[in-house]
Protein chains: 2
Amino acid sequence: MAAPSQVTFACGVDGLWHVEAVERVTGAALPLAGRLAVLEGHVTSDVVAWALRGTTGHQRYTTRAEKGALGSVQPVLGRAASRCASLIPIRKSDAWWELAQDERRAIFEDASHHISASMKYLPAIARRLYHSRELGEPFDFLTWFEYAPDDASHFDDLLAMLRATEEWRYVEREVHVRLQR
Amino acid sequence: MAAPSQVTFACGVDGLWHVEAVERVTGAALPLAGRLAVLEGHVTSDVVAWALRGTTGHQRYTTRAEKGALGSVQPVLGRAASRCASLIPIRKSDAWWELAQDERRAIFEDASHHISASMKYLPAIARRLYHSRELGEPFDFLTWFEYAPDDASHFDDLLAMLRATEEWRYVEREVHVRLQR
(Lines give C-alpha, C1' and ligand atoms only; values in the text may rest on other atoms or scores of the structure.)
Protein backbone atom coordinates (compact mmCIF):
# COMPACT_ATOMS: atom_id res chain seq x y z
CA MET A 1 0.00 0.00 0.00
CA ALA A 2 1.40 3.33 -1.07
CA ALA A 3 0.46 6.69 0.41
CA PRO A 4 -3.27 7.25 0.81
CA SER A 5 -5.01 8.20 -2.39
CA GLN A 6 -7.54 10.96 -2.37
CA VAL A 7 -10.80 10.96 -4.24
CA THR A 8 -13.77 13.27 -4.77
CA PHE A 9 -17.21 11.93 -5.65
CA ALA A 10 -18.83 14.82 -7.53
CA CYS A 11 -22.53 14.56 -8.29
CA GLY A 12 -24.05 16.85 -10.90
CA VAL A 13 -24.42 16.71 -14.67
CA ASP A 14 -21.08 15.11 -15.60
CA GLY A 15 -19.44 11.79 -14.95
CA LEU A 16 -19.20 8.19 -16.06
CA TRP A 17 -21.98 7.04 -13.75
CA HIS A 18 -25.68 7.66 -14.22
CA VAL A 19 -27.50 8.17 -10.90
CA GLU A 20 -30.37 5.69 -10.65
CA ALA A 21 -31.54 6.72 -7.19
CA VAL A 22 -30.51 8.56 -4.03
CA GLU A 23 -32.04 6.69 -1.10
CA ARG A 24 -32.16 8.15 2.40
CA VAL A 25 -31.45 5.31 4.82
CA THR A 26 -30.82 7.15 8.12
CA GLY A 27 -30.64 10.87 8.80
CA ALA A 28 -30.56 13.58 6.17
CA ALA A 29 -30.49 12.64 2.48
CA LEU A 30 -28.37 14.11 -0.32
CA PRO A 31 -29.87 15.96 -3.31
CA LEU A 32 -30.63 13.93 -6.39
CA ALA A 33 -28.67 14.80 -9.54
CA GLY A 34 -28.11 13.18 -12.91
CA ARG A 35 -24.55 11.91 -12.99
CA LEU A 36 -21.62 11.16 -10.74
CA ALA A 37 -17.92 11.60 -11.47
CA VAL A 38 -15.16 9.90 -9.50
CA LEU A 39 -12.29 12.38 -9.50
CA GLU A 40 -8.71 11.94 -8.33
CA GLY A 41 -7.70 14.33 -5.58
CA HIS A 42 -9.69 16.57 -3.30
CA VAL A 43 -11.28 19.04 -5.67
CA THR A 44 -13.95 21.66 -5.21
CA SER A 45 -16.47 22.76 -7.79
CA ASP A 46 -19.34 25.23 -7.92
CA VAL A 47 -21.19 23.35 -10.61
CA VAL A 48 -22.07 20.15 -8.77
CA ALA A 49 -25.06 19.32 -6.58
CA TRP A 50 -22.72 17.86 -3.97
CA ALA A 51 -19.18 16.58 -3.63
CA LEU A 52 -17.84 14.18 -1.03
CA ARG A 53 -14.14 13.71 -0.39
CA GLY A 54 -12.35 10.70 1.03
CA THR A 55 -8.94 9.11 1.42
CA THR A 56 -8.00 5.45 1.28
CA GLY A 57 -5.98 4.26 4.21
CA HIS A 58 -4.72 1.32 6.19
CA GLN A 59 -7.28 -1.14 7.54
CA ARG A 60 -8.41 -0.20 11.02
CA TYR A 61 -9.72 -3.52 12.40
CA THR A 62 -8.53 -6.29 10.11
CA THR A 63 -6.15 -8.87 11.60
CA ARG A 64 -3.33 -10.47 9.64
CA ALA A 65 -5.33 -13.68 9.16
CA GLU A 66 -8.37 -11.78 7.90
CA LYS A 67 -6.23 -9.60 5.68
CA GLY A 68 -4.72 -12.69 4.10
CA ALA A 69 -8.11 -14.29 3.56
CA LEU A 70 -9.55 -11.10 2.08
CA GLY A 71 -6.56 -10.56 -0.18
CA SER A 72 -7.10 -13.93 -1.82
CA VAL A 73 -10.70 -13.24 -2.86
CA GLN A 74 -11.01 -9.45 -3.04
CA PRO A 75 -11.70 -8.34 -6.63
CA VAL A 76 -10.35 -5.19 -8.26
CA LEU A 77 -12.43 -2.18 -9.20
CA GLY A 78 -13.16 -1.40 -12.84
CA ARG A 79 -14.14 -4.86 -14.09
CA ALA A 80 -15.90 -4.69 -17.47
CA ALA A 81 -18.93 -6.59 -16.17
CA SER A 82 -19.36 -4.26 -13.17
CA ARG A 83 -21.92 -1.93 -14.74
CA CYS A 84 -23.61 -1.26 -11.39
CA ALA A 85 -22.09 0.75 -8.55
CA SER A 86 -23.21 2.10 -5.20
CA LEU A 87 -21.79 4.92 -3.16
CA ILE A 88 -22.81 4.64 0.50
CA PRO A 89 -21.69 7.52 2.72
CA ILE A 90 -21.99 6.77 6.44
CA ARG A 91 -21.59 8.75 9.62
CA LYS A 92 -21.27 6.99 12.97
CA SER A 93 -22.36 8.47 16.28
CA ASP A 94 -20.19 10.11 18.95
CA ALA A 95 -20.91 7.01 21.08
CA TRP A 96 -19.01 4.90 18.51
CA TRP A 97 -16.00 7.19 18.42
CA GLU A 98 -15.86 7.35 22.21
CA LEU A 99 -15.41 3.58 22.37
CA ALA A 100 -11.88 2.20 22.83
CA GLN A 101 -10.21 0.21 20.05
CA ASP A 102 -10.92 -3.18 21.66
CA GLU A 103 -14.58 -2.25 22.12
CA ARG A 104 -14.95 -1.12 18.50
CA ARG A 105 -13.22 -4.26 17.22
CA ALA A 106 -15.49 -6.44 19.37
CA ILE A 107 -18.61 -4.85 17.91
CA PHE A 108 -17.21 -4.70 14.37
CA GLU A 109 -16.23 -8.33 14.00
CA ASP A 110 -16.93 -10.47 17.09
CA ALA A 111 -20.56 -9.33 17.36
CA SER A 112 -21.33 -8.04 13.87
CA HIS A 113 -19.10 -10.32 11.71
CA HIS A 114 -18.50 -7.40 9.37
CA ILE A 115 -15.50 -9.04 7.73
CA SER A 116 -16.41 -12.71 7.82
CA ALA A 117 -20.06 -12.28 6.83
CA SER A 118 -19.10 -9.93 3.99
CA MET A 119 -16.63 -12.42 2.55
CA LYS A 120 -19.28 -14.68 1.09
CA TYR A 121 -20.23 -11.82 -1.27
CA LEU A 122 -16.72 -11.79 -2.71
CA PRO A 123 -15.58 -11.80 -5.46
CA ALA A 124 -18.98 -10.81 -6.89
CA ILE A 125 -18.92 -7.43 -5.18
CA ALA A 126 -15.85 -5.21 -5.35
CA ARG A 127 -15.50 -2.67 -2.58
CA ARG A 128 -13.28 0.22 -1.56
CA LEU A 129 -13.47 2.18 1.67
CA TYR A 130 -12.57 5.87 1.88
CA HIS A 131 -12.12 7.70 5.18
CA SER A 132 -13.62 11.19 5.49
CA ARG A 133 -13.86 11.93 9.21
CA GLU A 134 -10.38 13.42 9.52
CA LEU A 135 -11.11 15.69 6.55
CA GLY A 136 -13.91 17.51 8.36
CA GLU A 137 -16.45 16.06 5.92
CA PRO A 138 -20.15 15.48 6.74
CA PHE A 139 -19.65 11.69 6.64
CA ASP A 140 -17.05 9.48 8.34
CA PHE A 141 -16.76 6.91 5.55
CA LEU A 142 -17.58 6.62 1.87
CA THR A 143 -17.90 3.03 0.68
CA TRP A 144 -17.82 2.36 -3.06
CA PHE A 145 -19.17 -0.92 -4.43
CA GLU A 146 -19.10 -2.32 -7.98
CA TYR A 147 -20.97 -5.37 -9.24
CA ALA A 148 -22.61 -6.87 -12.31
CA PRO A 149 -26.36 -6.31 -12.84
CA ASP A 150 -26.92 -10.03 -12.21
CA ASP A 151 -25.43 -9.64 -8.73
CA ALA A 152 -27.66 -6.73 -7.70
CA SER A 153 -29.83 -8.92 -5.46
CA HIS A 154 -26.73 -10.32 -3.73
CA PHE A 155 -25.64 -6.76 -3.11
CA ASP A 156 -28.99 -5.94 -1.51
CA ASP A 157 -28.58 -9.03 0.69
CA LEU A 158 -25.17 -7.77 1.81
CA LEU A 159 -26.64 -4.38 2.75
CA ALA A 160 -29.51 -5.98 4.67
CA MET A 161 -27.07 -8.19 6.56
CA LEU A 162 -24.85 -5.24 7.53
CA ARG A 163 -27.76 -3.02 8.52
CA ALA A 164 -29.04 -5.69 10.93
CA THR A 165 -25.75 -5.82 12.87
CA GLU A 166 -24.96 -4.34 16.26
CA GLU A 167 -22.35 -2.16 14.52
CA TRP A 168 -25.08 -0.45 12.49
CA ARG A 169 -26.81 0.76 15.66
CA TYR A 170 -24.02 3.36 15.74
CA VAL A 171 -24.79 4.62 12.23
CA GLU A 172 -26.56 7.96 12.56
CA ARG A 173 -26.52 8.97 8.89
CA GLU A 174 -26.53 6.76 5.80
CA VAL A 175 -27.39 7.50 2.18
CA HIS A 176 -27.38 5.03 -0.70
CA VAL A 177 -26.54 6.40 -4.15
CA ARG A 178 -27.34 3.76 -6.80
CA LEU A 179 -25.42 4.12 -10.05
CA GLN A 180 -25.12 2.51 -13.48
CA ARG A 181 -22.86 2.98 -16.45
CA MET B 1 -15.26 13.40 22.22
CA ALA B 2 -16.87 15.76 19.74
CA ALA B 3 -16.08 15.93 16.05
CA PRO B 4 -12.36 16.03 15.23
CA SER B 5 -10.76 19.41 15.69
CA GLN B 6 -8.41 20.73 13.10
CA VAL B 7 -5.21 22.60 13.77
CA THR B 8 -2.41 24.23 11.80
CA PHE B 9 1.09 24.66 13.24
CA ALA B 10 2.47 27.66 11.38
CA CYS B 11 6.15 28.45 11.79
CA GLY B 12 7.43 31.89 10.79
CA VAL B 13 7.69 35.23 12.51
CA ASP B 14 4.43 35.20 14.49
CA GLY B 15 3.03 33.12 17.29
CA LEU B 16 2.96 32.55 21.00
CA TRP B 17 5.86 30.13 20.93
CA HIS B 18 9.51 31.02 20.44
CA VAL B 19 11.41 28.36 18.49
CA GLU B 20 14.43 27.23 20.50
CA ALA B 21 15.65 24.61 18.03
CA VAL B 22 14.61 22.49 15.07
CA GLU B 23 16.35 19.13 15.41
CA ARG B 24 16.50 16.62 12.59
CA VAL B 25 16.03 13.17 14.16
CA THR B 26 15.40 10.93 11.11
CA GLY B 27 15.04 11.90 7.45
CA ALA B 28 14.70 15.43 6.15
CA ALA B 29 14.55 18.37 8.59
CA LEU B 30 12.26 21.39 8.54
CA PRO B 31 13.55 24.96 8.09
CA LEU B 32 14.33 26.93 11.23
CA ALA B 33 12.22 30.03 11.86
CA GLY B 34 11.64 32.34 14.79
CA ARG B 35 8.17 31.68 16.13
CA LEU B 36 5.35 29.17 15.94
CA ALA B 37 1.61 29.80 16.00
CA VAL B 38 -0.97 27.12 16.81
CA LEU B 39 -3.99 28.04 14.68
CA GLU B 40 -7.47 26.60 14.74
CA GLY B 41 -8.56 25.09 11.45
CA HIS B 42 -6.63 24.11 8.35
CA VAL B 43 -5.27 27.38 7.09
CA THR B 44 -2.75 28.23 4.42
CA SER B 45 -0.36 31.16 4.44
CA ASP B 46 2.35 32.46 2.13
CA VAL B 47 4.23 34.21 4.89
CA VAL B 48 5.35 31.24 6.97
CA ALA B 49 8.46 29.08 6.66
CA TRP B 50 6.29 25.97 6.96
CA ALA B 51 2.84 24.93 8.10
CA LEU B 52 1.73 21.48 9.21
CA ARG B 53 -1.92 20.47 9.51
CA GLY B 54 -3.48 17.81 11.69
CA THR B 55 -6.77 16.60 13.08
CA THR B 56 -7.50 15.11 16.48
CA GLY B 57 -9.36 11.84 16.37
CA HIS B 58 -10.37 8.72 18.21
CA GLN B 59 -7.62 6.60 19.74
CA ARG B 60 -6.44 3.91 17.35
CA TYR B 61 -4.88 1.32 19.70
CA THR B 62 -5.99 2.12 23.23
CA THR B 63 -8.16 -0.45 25.03
CA ARG B 64 -10.96 0.46 27.42
CA ALA B 65 -8.77 -0.35 30.44
CA GLU B 66 -5.90 1.77 29.13
CA LYS B 67 -8.25 4.59 28.20
CA GLY B 68 -9.63 4.61 31.73
CA ALA B 69 -6.16 4.62 33.27
CA LEU B 70 -4.96 7.40 30.98
CA GLY B 71 -8.04 9.50 31.58
CA SER B 72 -7.38 9.58 35.30
CA VAL B 73 -3.85 11.02 34.98
CA GLN B 74 -3.76 12.82 31.64
CA PRO B 75 -3.27 16.55 32.15
CA VAL B 76 -4.84 19.30 30.07
CA LEU B 77 -2.98 21.56 27.69
CA GLY B 78 -2.40 25.20 28.51
CA ARG B 79 -1.27 24.92 32.14
CA ALA B 80 0.37 28.12 33.34
CA ALA B 81 3.55 26.31 34.39
CA SER B 82 3.95 24.63 30.99
CA ARG B 83 6.31 27.17 29.46
CA CYS B 84 8.07 24.54 27.36
CA ALA B 85 6.54 22.75 24.39
CA SER B 86 7.68 20.38 21.69
CA LEU B 87 6.17 19.67 18.31
CA ILE B 88 7.31 16.31 16.96
CA PRO B 89 6.09 15.47 13.45
CA ILE B 90 6.56 11.81 12.52
CA ARG B 91 6.14 9.77 9.39
CA LYS B 92 6.05 5.97 9.56
CA SER B 93 7.15 3.66 6.75
CA ASP B 94 4.98 1.82 4.22
CA ALA B 95 5.96 -1.37 6.07
CA TRP B 96 4.11 -0.07 9.15
CA TRP B 97 0.96 0.83 7.24
CA GLU B 98 0.94 -2.54 5.47
CA LEU B 99 0.72 -4.32 8.83
CA ALA B 100 -2.70 -5.54 10.01
CA GLN B 101 -4.36 -3.98 13.07
CA ASP B 102 -3.37 -6.82 15.40
CA GLU B 103 0.25 -6.62 14.24
CA ARG B 104 0.42 -2.85 14.76
CA ARG B 105 -1.18 -3.13 18.19
CA ALA B 106 1.30 -5.88 19.16
CA ILE B 107 4.25 -3.70 18.22
CA PHE B 108 2.73 -0.51 19.66
CA GLU B 109 1.95 -1.80 23.13
CA ASP B 110 2.87 -5.45 23.70
CA ALA B 111 6.45 -5.01 22.40
CA SER B 112 7.01 -1.26 22.72
CA HIS B 113 4.85 -0.43 25.78
CA HIS B 114 4.01 2.91 24.18
CA ILE B 115 1.04 3.53 26.48
CA SER B 116 2.17 1.92 29.73
CA ALA B 117 5.76 3.21 29.62
CA SER B 118 4.57 6.72 28.75
CA MET B 119 2.20 6.81 31.70
CA LYS B 120 4.94 7.32 34.28
CA TYR B 121 5.65 10.70 32.67
CA LEU B 122 2.08 11.82 33.41
CA PRO B 123 0.87 14.24 34.64
CA ALA B 124 4.15 16.15 34.22
CA ILE B 125 3.96 16.04 30.44
CA ALA B 126 0.74 16.97 28.63
CA ARG B 127 0.35 15.52 25.16
CA ARG B 128 -2.00 15.72 22.22
CA LEU B 129 -1.83 13.66 19.05
CA TYR B 130 -2.93 15.01 15.67
CA HIS B 131 -3.40 12.78 12.61
CA SER B 132 -2.10 14.07 9.28
CA ARG B 133 -1.77 11.04 7.02
CA GLU B 134 -5.32 11.20 5.66
CA LEU B 135 -4.84 14.89 4.87
CA GLY B 136 -2.09 14.21 2.33
CA GLU B 137 0.45 15.92 4.58
CA PRO B 138 4.21 15.15 4.60
CA PHE B 139 3.93 13.61 8.09
CA ASP B 140 1.54 10.95 9.45
CA PHE B 141 1.30 12.38 12.99
CA LEU B 142 2.02 15.62 14.79
CA THR B 143 2.52 15.19 18.52
CA TRP B 144 2.35 18.25 20.73
CA PHE B 145 3.84 18.17 24.24
CA GLU B 146 3.74 20.77 27.03
CA TYR B 147 5.74 20.70 30.24
CA ALA B 148 7.37 22.91 32.83
CA PRO B 149 11.06 23.85 32.42
CA ASP B 150 11.87 21.70 35.49
CA ASP B 151 10.48 18.66 33.71
CA ALA B 152 12.56 19.10 30.54
CA SER B 153 14.92 16.26 31.47
CA HIS B 154 11.98 13.94 32.10
CA PHE B 155 10.70 14.84 28.68
CA ASP B 156 14.04 13.92 27.11
CA ASP B 157 13.90 10.59 28.97
CA LEU B 158 10.45 9.94 27.49
CA LEU B 159 11.75 10.63 23.98
CA ALA B 160 14.77 8.37 24.48
CA MET B 161 12.52 5.59 25.77
CA LEU B 162 10.16 5.84 22.78
CA ARG B 163 12.97 6.06 20.22
CA ALA B 164 14.48 2.83 21.56
CA THR B 165 11.27 0.83 20.97
CA GLU B 166 10.49 -1.64 18.21
CA GLU B 167 7.72 0.72 17.10
CA TRP B 168 10.27 3.43 16.32
CA ARG B 169 12.03 1.18 13.78
CA TYR B 170 9.09 2.06 11.53
CA VAL B 171 9.68 5.81 11.86
CA GLU B 172 11.24 7.04 8.64
CA ARG B 173 11.01 10.77 9.30
CA GLU B 174 11.07 12.62 12.62
CA VAL B 175 11.77 16.25 13.47
CA HIS B 176 11.82 17.80 16.95
CA VAL B 177 10.78 21.46 17.22
CA ARG B 178 11.66 22.76 20.70
CA LEU B 179 9.61 25.73 21.86
CA GLN B 180 9.30 28.13 24.79
CA ARG B 181 6.91 30.88 25.73
Side-chain angles (χ1 to χ4, degrees), chain A residues 1-8 40-43 53-71 91-110 114-115 129-142 170 172-173, chain B residues 1-8 40-43 53-71 91-110 114-115 129-142 170 172-173:
Chain A
M1 191 191 73
S5 73
Q6 306 187 317
V7 71
T8 303
E40 197 175 335
H42 289 162
V43 299
R53 303 174 307 151
T55 303
T56 60
H58 64 287
Q59 289 166 318
R60 307 301 210 256
Y61 302 107
T62 316
T63 65
R64 170 54 56 187
E66 291 159 352
K67 196 170 177 176
L70 280 168
R91 183 176 178 89
K92 285 182 173 170
S93 66
D94 286 352
W96 172 261
W97 296 111
E98 280 159 11
L99 294 173
Q101 172 70 21
D102 54 337
E103 295 171 316
R104 281 182 275 110
R105 162 73 198 188
I107 294 167
F108 181 85
E109 185 58 23
D110 306 343
H114 189 130
I115 299 167
L129 179 67
Y130 298 91
H131 298 267
S132 294
R133 184 172 172 80
E134 289 82 359
L135 305 177
E137 288 278 302
F139 294 93
D140 293 336
F141 308 102
L142 311 174
Y170 295 88
E172 64 176 23
R173 189 176 180 197
Chain B
M1 191 192 73
S5 73
Q6 306 188 317
V7 70
T8 303
E40 197 175 337
H42 288 163
V43 299
R53 303 175 307 151
T55 302
T56 59
H58 64 286
Q59 289 166 316
R60 307 301 209 257
Y61 302 107
T62 316
T63 65
R64 169 55 55 188
E66 290 159 354
K67 196 170 177 175
L70 280 168
R91 183 177 177 89
K92 285 182 174 171
S93 66
D94 286 351
W96 172 262
W97 295 111
E98 282 159 11
L99 294 173
Q101 172 70 21
D102 55 338
E103 296 170 317
R104 281 181 276 111
R105 161 74 198 187
I107 294 167
F108 180 84
E109 186 58 23
D110 306 342
H114 189 129
I115 299 166
L129 179 66
Y130 298 91
H131 298 268
S132 296
R133 183 172 174 81
E134 288 82 359
L135 305 177
E137 287 277 302
F139 294 94
D140 293 335
F141 308 101
L142 311 174
Y170 294 89
E172 63 177 23
R173 188 176 179 196

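We name chains A, B, ... by the order of the sequence lines, and we start the count at 1 in each one. Quick note: numbers below take in every heavy atom, side chains included, and nothing from hydrogens, waters or symmetry partners.
- Of the listed residues A:Thr63, A:Leu135, A:Thr55, the one with more heavy-atom pairs under 4.5 angstrom with chain B than any other is A:Thr63.
- The structure places CD of A:Glu66 at 7.5 Å from CG of B:Asp102, a figure rounded to the nearest 0.5 Å.
- Within the model, atoms CZ of A:Arg104 and CZ of B:Arg64 stand 9.5 Å from one another, a figure rounded to the nearest 0.5 Å.
- When heavy atoms are compared at a cutoff of 4.5 Å, B:Arg53 does not approach chain A at all.
- Distance check, rounded to the nearest 0.5 Å: NZ of A:Lys67 to CG of B:Leu99 gives 7.0 Å.
- Between A:Arg60 atom CZ and B:Tyr61 atom OH the span is 8.5 Å, to the nearest 0.5 Å.
- Of the atoms belonging to A:Glu103, it is side-chain heavy atoms, and not backbone ones, that fall under 4.5 Å from chain B.
- Taking CD from B:Gln101 and CD from A:Gln101, the interatomic distance works out to 4.0 Å, rounded to the nearest 0.5 Å.
- Only the side chain of B:Gln6 comes within contact range of chain A, with heavy atoms under 4.5 Å apart.
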